[in-house]
Protein chains: 2
Amino acid sequence: MLGSPTHDRVAERRKAARREIIDAAWEVAHQKGIAAVTLKDVADRVGMRPPSLYSHFASKNAIYDAMFGQAWQGCLDALRAAADRGLPDDPRVAMTVMGRAYFEYAVADEARNQLMNARISADFQPSPEAYAPSLAVWELSRTHLAMIGVTAEADLDLYSAVVGGLVDAQLANDPGGERYARQLERAIGMLADHFGF
Amino acid sequence: MLGSPTHDRVAERRKAARREIIDAAWEVAHQKGIAAVTLKDVADRVGMRPPSLYSHFASKNAIYDAMFGQAWQGCLDALRAAADRGLPDDPRVAMTVMGRAYFEYAVADEARNQLMNARISADFQPSPEAYAPSLAVWELSRTHLAMIGVTAEADLDLYSAVVGGLVDAQLANDPGGERYARQLERAIGMLADHFGF
DNA sequence: TAGGTGAACCTAACATGATTAGGAGAATCC
DNA sequence: GGATTCTCCTAATCATGTTAGGTTCACCTA
């Protein structure tokens, strides 16, 4: 039975329903902010009643969890795409490319960024599965920095905190603007000097 | 009548009640997290029923608002205290003192920090009055940086974003630890180099 | 000092939002 | 074709913020 054509069809329908719910939740998040998403909003958009969502997700936080995983997976994809486009030989430029890829992904969608930092509700904690791509982003950053000779854990800490701080500042103080994009370039230049290349 | 001894007594009682409520809210925030504070929790602690809190605050967000103002006022006081202790002549050291004062205040209390960044609920927006000390902190930073020759707005942006990023990283990745305190020193050293002293 | 006034608290009720219980109808399996 | 399962439904529950309306008591005023 499992693996049968019918089972496949059922599984596909389930998957499609989950995806539809998640997409609806993103829409609401973009319109009203991630923390203001309500099961009624989501249910309305997919043509269901709120309790029916529980046929597809164990709870509201389970929906957040799926979104969280998607958000970080997208970030991972963006970083990989940037790297695949070819990291320049000059370590300064390579660091700029990486930093900018993260910054731009994070800054492009405030709701998504709040979700990625789990700034949603008091009780939301991402599951290990959803958390995996987030760890992968960290690992990828570690790898890329190592490729240009930065291997100390403390250096990765510093780099991440600086880039993260600029993302937050951009979203908090100049949402939709460009004010901190220039500061990002400067910051990465500083880090490059500090790391000695 | 207004300004009479009786009126004073009444006003004092009102003020005391407000303070008691705010203190209770801080207790709850420290125990359960700022976003999990409930009017019932607060009311229980001050020996009231939840609706009675509305005799002293217009809404739950009004309580948050008062807490927000307190938190930033405390930050302002901490920065002033650090400056009054005497900012060193060496601009590098002066910048370190300022940065460390902010970092330590912010990192000392996670609930308070979340509040200061208004990462509470979807609809909380601080009132102008509560926001004033936050602006004063920004102004004070501007003044201090100017005293050591850093006057460009972009430089203040960069400095604030970096320090803020380290605070967030500390609270997110090593709450209660020391991991990012060292990175703060390094970061300020980098900024000093970059600013050219 | 008795009556009026307002402040501060109460209980009851309401609105919203997450969640659970339990059932109906259709798709799927044997 | 009948049993089973899946998916959705309605109804109800619980938590929380908030409003309505009443009671008590301190305090002012005549």
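Just so we're on the same page: letters track the sequence lines, and every chain starts at 1.
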- Task: Let me know the distance between CG of A:L53 and C1' of D:dC6, rounded to the nearest Å.
- Result: 16 Å
- Quickly work out the B:K15 NZ to C:dA7 C1' distance and round it to whole Å. 18 Å
- Message: Of the options D:dT18, C:dT20, D:dC8, whose atoms approach the side-chain atoms of B:P51 most closely?
- Response: D:dT18
- Query: In whole angstrom, what separates B:Y54's OH from D:dG21's P?
  - Reply: 17 Å
- Name the closest nucleotide to the A:S55 side chain, picking from D:dT10, D:dC8, C:dC9. D:dC8
- Task: Whole angstrom is fine here: how far is it from CZ in B:F57 over to C1' in C:dA7?
- Result: 16 Å
- Task: Examine D:dT16: is either OP1 or OP2 under 4.0 Å from a nitrogen or oxygen in the side chain of B:K40? Give yes or no.
- Result: no
- Item | Given D:dT18, C:dA18, C:dA21, the nucleotide with the shortest approach to the side chain of A:K60 | C:dA18
- Message: How many whole angstroms separate atom CZ of B:R13 from atom P of C:dG6?
- Response: 16 Å
- Are the charged groups of B:D157 and A:R186 less than 4.0 angstrom apart, N to O? no
- Query: Rounded to whole angstrom units, what separation is found between the NZ atom of B:K32 and the C1' atom of D:dA15?
  - Reply: 11 Å
- Query: Between D:dC6 and A:H56, is there an OP1 or OP2 to side-chain N/O distance shorter than 4.0 Å?
  - Reply: no
- Whole-Å distance between C:dA18 P and A:F124 CZ? 15 Å
- Message: Students often mix this up, so state it plainly: with edges at 30° and 60°, are the rings of B:W26 and B:H30 parallel, tilted or perpendicular?
- Response: parallel
- Query: Quick one: which of C:dA18, D:dT10, D:dT18 gets closest to the side chain of B:P50?
  - Reply: D:dT18
- Message: Keeping B:T38 on the side-chain end and B:D41 on the backbone end, is there a donor-acceptor pair under 3.5 Å?
- Response: no
- Identify which nucleotide among D:dG17, C:dA18, C:dC10 has an atom closest to any side-chain atom of B:R49, counting heavy atoms from C-beta outward. C:dC10
- Between the side chains of B:Y105 and B:D77, is a donor N or O closer than 3.5 angstrom to an acceptor N or O? no
- Among D:dT7, C:dT19, C:dA8, the one nearest any side-chain atom of B:R14 is C:dA8
- Can you label the angle between the B:Y131 ring and the B:F68 ring as parallel, tilted or perpendicular, going by 30° and 60°? parallel
- What is the nucleic acid contact for A:V37, judged by heavy atoms within less than 4.0 Å: base, sugar-phosphate only, or nothing? sugar-phosphate
- Query: Reckon A:T38 has a side-chain N or O less than 4.0 Å from the OP1 or OP2 of C:dT16?
  - Reply: no
- Message: Would you say A:S52 places a side-chain N or O within less than 4.0 Å of OP1 or OP2 belonging to D:dT7?
- Response: no
- Query: Roughly how many Å is it from CE in A:M48 to C1' in C:dG17, rounded to a whole number?
  - Reply: 19 Å
